[in-house]
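Just so we're on the same page: letters track the sequence lines, and every chain starts at 1.
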Amino acid sequence: MKNYDHLTIEKKWQDEWEKSGIYNTPDNVPGKENFYTLTEFTYPSGNLHVGHWYAFSVPDIFARYKRMQGFNVLYPTGFDAFGLPAENAAIKLGADPKVLTYEQMDRMRTQIKSMGGMFDWSREVVTCDPEYYKWTQWMFNQFLKHDLAYRAVTKVNWCPKDQTVLANEQVTDGKCERCGTEVVQKDQEQWMLRITKYADRLIDDLDNLDWPHAIKESQKNWIGRSEGSELEFTIVNSDQKIKVFTTRADTLFGVTYVVLAPEHELVSKLLENVSNKEEVQDYVSLTKKKQELERQQSKDKTGVELKGVKVINPANNEEVPVWIADYVLAGYGTGAVMAVPRHDTRDYEFSTHNNLNKGEFVVARKHALCGIYSSSIENLESIKSIKSISLSYEEKIKGHLYFFYFNNSEILNLLPKIQEALKDDGQANISTTGLFIELRKNETPRPVPIECDPNEGFLINSGKFDGMTSDEAKKKITEFVGGKLVSTYRLRDWGISRQRYWGCPIPIVYDPEGNAHSIPDEHLPWILPTDVDHTPDGTAPLARSKELLERTEKIFGKGWKPEVETMDTFVDSSWYFYRYLDSKDNAEFASTEKMNAWMPVDMYMGGAEHTTMHVLYSRFWTKALQDLGFVKDSEAYKVRRNRGLILGPDGNKMSKSKGNVINPDEIVELLGADTVRMYLAFMGPYGVTVNYPWDPNGVVGVRRFLERVWKLGQKIVNEGNPLLPGEGGLQSKPGEVLLHKTIKGITEDVEEFKFNTAISKMMILINAWEKEDSVSGDDYKILLQLLSPFAPHITDELWSELGEKNSIHLSQWPTYDAKLVIDDTVTIGIQINGKVRAEIELAKDADQESVREKVLAMDEVKKWIEVSDSKEIKKFIYVPGKIISIVV
RNA sequence: GCCCGGGUGGCGUAAUUGGUAGCCGCGAUAGACUCAAAAUCUAUUGUCUUUACGGACGUGUGGGUUCAAGUCCCACCCCGGGCACCA
């Protein structure tokens, strides 16, 4: 009997597959539907880790399954090959990043091939290849032509160590994501992409996508749409207005002052009118010195009043003072806010810090307050019935209370009681304009909007707007004061300029006057020069290239200068999935015909860490290309599934310093690629962001399973059992039922990415077969087919041992006999007073009467009825195929 | 603080979506084979209790709905992720 020699087998079949080219995917196969399976291509770090295996080899199971189902499956890969790590390594080694990168790609190709995946390498995409970045540059030109790209001075995140600009996404907790250095803010002119133009579509189009809920929420949070109102406060004795943005127009009556960001353009204009000009100027310059981070972290809400300047609240014509304070950010909304200390913790903190409080009752809980929400009449009744009111501070914080603001005579007779309660709460008293009353959360209030009367303040429960939602109320007030409803976003435009060498050159040249011109398409690709010392010194390395300057002058004329910045690598990866479709095309980035054949991507599997970066960027890219008429879809990825991380055996993230890194090459050498693939699939469901620890014993368990599959086949063949091809096999009826149930179960599991339970079902099948004397050859072959997407090498070997001429991977996925998967009888439990006391085997469709008779005759059942208090049957429930429940 | 997920044996997980909780794998214990070990095979393995048959408890906690709750409802605790002086 041959041993299961994984090294020989895996090498043999990988060579065989490459030779026969069975994984090369044509664009069209008559009678087959195309299916585009995508995984995020990798950065060529030069060493494959377990994460790569998890990212590529488990989706490969799905791709193979789809293929056996009769789809024409495209499963491509390539390299996201530009980027800082190679450049930094090259600097260290005194090497050329290009040479280094291509070496590392060679090494990684070999490693990736050891997975036994069905990648179509003929379509490989490499982003640092000029034939690729030619199109990256071409797209940039298109964007520039259509005002989706522009040059602007912005505050940028600057990493002093990497000497480069970082996108917001690349900054975590104020530190460079890559090297951990504290990031500083810097003003810099750079190329921007107008992603904010797409903010609404990037949020709204999520609704129609089959994506994990959490990922959609993350993107929404990141874009940070906030729907509110823009309201204007008129400056007294002036025709100037201060525009504020608020999401709580309904609190407009509670405004006690207005605050401008110190950078706000009106500050300098108003300077002439203020009596404390110097104080204001000092504060402004102090703010300028502070880093944004520092501003965000400082607890104290400092600020200076613009003395002598007053503005008019448009709701009640009240005059309120104007302050400047650095807790108001210039870059968000209008850079000015209306302050409602009664309803907003930040405003409250500011007014406390600056002694602006008027003695109102204020609660430091931003969202617990609802200024204008009243109750329905029923709730008024329930308020009246409140016996005592506790307003201890702690309870307010913990209890999720709703607060109501009343000015209604109906409840004014409650005042004494409330005042009594408030007295214990040292800091509370009756507000100048109303009164707060608390209600428990489960007495869900119906928001009732207000009728505005500048003289009376505002009245609630007038009945006039009864039943309005809070959004409608906000709208009403906004209209009342002549404001408008607007959305603001947290998302900023995408700065793509990088002052580094190893990236896609930005295809721009400057004329002698310094005006930017895009490089005409005929000069693309605009090649990255090689005569560059890329040691970072804070300036772009390309500025030191003679070749680039000479090339520029030769083409455009004396005095012209090249752009010396390169693009963020997220630009490269924003469109790579189109290039797979037509990777050798010289005339277009991809032909319309081929894009029509494959797009959109049917299944995109990747890491959750790309949610607010690559995935968001490439969605923007697709929409932009669609607007420009180059692609047909507004979304590139129909279905998205995220995976978690593989942790070290100790449950921590794998890292060299923790010494818990699993080297896949070693495990593959020891146990085989099939084992590693299957173990990764067996750990838990794929497509959920759950992290699984690598269990060295667990892998061995999977290897044991493959050994048993191997032995099961060999043993029967050696005994001369009719397992040989063409001879049919022994029939074992019970086994047949199990087999068909297994086919059904695995098919369903794989569709749902539950590879773990699919594998467990194969284990159950094997466990059962091992107990039998013989297994039919046909049945065994079906098992091999079910197993083949998971363990492609061993199954192809055993398949060919059985005399099959074509690869198992070209065979059809097994189907099951629907009749065989339905049981005639079922064993169900018998509950007596809710406890399972016995079980009984019944025909699946046994009728109520006969079941009742049978069950009540059972000794175990009688026994429990005897010991019960009532001894008589109050209820007899029989749900066919599920349960019998008796109440006594 | 706001918005999402999620809490099941010693561990990774499973549960026909309201119907016998713990499938499969790992680990552990005992046995067979062996001079011995590894490998392999067999049996047991949620906790407590009982000589045993059995019984009680059990899906983060506390309530509730139901004949029946891991699953539905309410409140809370803990863990993970996204956002955050964003008005």
| Phosphate OP1/OP2 of B:A87: any A:Tyr327 side-chain N/O under 4.0 Å | no

| Under 4.0 angstrom, heavy atoms only, what part of the nucleic acid is A:Ser885 near: base, sugar-phosphate, or nothing? | base

| query | Please give, in whole Å, the distance from B:A69 P to A:Lys835 NZ? | reply | 11 Å

| For A:Asn697 and B:G27, is the shortest distance between a side-chain N/O and OP1 or OP2 below 4.0 Å? | yes

| query | Is a side-chain donor-acceptor pair under 3.5 Å present for A:Asp5 with A:Asn3? | reply | no

| Distance-only, no hydrogens or angles: does the A:Tyr679 side chain make a donor-acceptor pair with backbone N or O of A:Pro696 under 3.5 Å? | no

| query | In whole angstroms, how far is the C1' atom of B:A87 from the OH atom of A:Tyr332? | reply | 7 Å

| query | Are a donor atom and an acceptor atom from the side chains of A:Glu841 and A:Thr825 found within less than 3.5 Å of each other? | reply | yes

| task | Can you tell me, in whole Å, how much space there is between the C1' of B:U8 and that of B:U47? | result | 14 Å

| field | Rounded P spacing from B:G22 to B:A87 in Å | value | 50 Å

| query | What nucleotide among B:A14, B:C24, B:C85 has an atom nearest to a side-chain atom of A:Pro685? | reply | B:A14

| In whole Å, what separates the P atom of B:U40 from that of B:C77? | 49 Å

| query | The side chain of A:Phe682 lies closest to which of these nucleotides: B:C3, B:G25, B:G82? | reply | B:G25

| Same-atom distance (C1') from B:A28 to B:C11, integer angstrom | 11 Å

| query | Taking the six-membered ring of A:Trp211, is the NZ or CZ of A:Arg619 close enough (under 6.0 Å from the centre) and on axis enough (within 45°)? | reply | yes

| For A:Ala838 and A:Val700, take the nucleotide of RNA chain B holding the closest heavy atom to each; which residue's nucleotide lies nearer the 5' end? | A:Ala838

| message | With nearest nucleotide decided by heavy atoms, which residue, A:Lys863 or A:Val702, maps closer to the 5′ end of RNA chain B? | response | A:Val702

| message | Between A:Glu748 and A:Lys744, is the salt bridge (Lys or Arg N to Asp or Glu O under 4.0 Å) condition met? List the steps. | response | CA-CA 6 Å; A:Glu748 288 165 1; A:Lys744 179 173 190 276; 3.2 Å; yes

| message | Check the phosphate of B:U40 against A:Arg704, side-chain N and O only, distance under 4.0 Å to OP1 or OP2. Yes or no? | response | yes

| Base, sugar-phosphate, or nothing: which does A:Val887 touch, judged by heavy atoms less than 4.0 Å apart? | sugar-phosphate

| How would you label the contact of A:Val259 with the nucleic acid (heavy atoms, under 4.0 Å): base, sugar-phosphate, or nothing? | nothing

| When you compare B:G12 with B:G7, how far apart are their P atoms, in angstrom units rounded to a whole number? | 12 Å

| request: Return no unless some side-chain N or O of A:Arg225 is found under 4.0 Å from OP1 or OP2 of B:C3. | output: no

| field | Listed nucleotide nearest any side-chain atom of A:Glu839, set B:G12, B:U20, B:C4 | value | B:U20

| query | Cut-off 3.5 Å, side chains only: do A:Thr757 and A:Asp749 have a donor facing an acceptor? | reply | yes

| said: Nearest whole Å is fine: how far is B:G1 C1' from A:Glu349 CD? | reply: 11 Å

| Between B:C83 atom P and A:Glu609 atom CD, what is the distance in whole Å? | 13 Å

| message | Using the C1' atom as the point on both nucleotides, what is the distance between B:G70 and B:A14, in whole Å? | response | 12 Å

| Looking at residues 743-761 of chain A, who's got a heavy atom less than 4.0 Å off RNA chain B? | A:Lys754, A:Asn756, A:Thr757, A:Ser760

| Closer than 4.0 Å, any side-chain N/O of A:Lys882 to the OP1 or OP2 of B:A68? | no

| remark: Whole-Å distance, A:Gln831 CD to B:U66 C1', equals 11 Å

| message | Aromatic contact between A:Tyr257 and A:Phe350, with the criterion being ring centroids under 6.0 Å apart: yes or no? | response | yes

| Side-chain heavy atoms of A:Lys854 within contact of A:Leu842, under 4.5 Å | yes

| request: Tell me whether B:G58 sits syn or anti, counting syn as a glycosidic angle within 90° of 0. | output: anti

| field | B:U17: syn or anti, per glycosidic angle within 90° of 0 | value | syn

| Considering only the C1' atoms, how many Å lie between B:U71 and B:G19, rounded to the nearest integer? | 11 Å

| Are any of A:Asn767's side-chain N or O atoms less than 4.0 Å away from OP1 or OP2 of B:G25? | yes

| message | Strictly distance-based, threshold 3.5 Å: is any side-chain N or O of A:Asp326 a donor or acceptor partner for the main-chain N or O of A:Thr287? | response | no

| message | salt bridge (Lys or Arg N to Asp or Glu O under 4.0 Å), that's the test. Do A:Glu866 and A:Lys862 meet it? Break it down for me. | response | CA-CA 6 Å; A:Glu866 275 308 303; A:Lys862 281 188 197 157; over 6 Å; no

| Distance, rounded to the nearest Å, where A:Met338 contributes CE and B:A87 contributes P | 12 Å

| task | Consider the side chain of A:Ile883, meaning its heavy atoms from C-beta on, and name the nucleotide among B:G55, B:C3, B:U20 that approaches it most closely. | result | B:U20

| said: Give me the distance, rounded to whole Å, that separates B:G27 from B:G18 when you measure between the P atoms they each carry. | reply: 36 Å

| field | Residue A:Val337, side-chain atoms from C-beta onward, closest of B:A56, B:C24, B:A87 | value | B:A87

| message | Base, sugar-phosphate or nothing for A:Trp211? Non-hydrogen atoms, less than 4.0 Å. | response | nothing

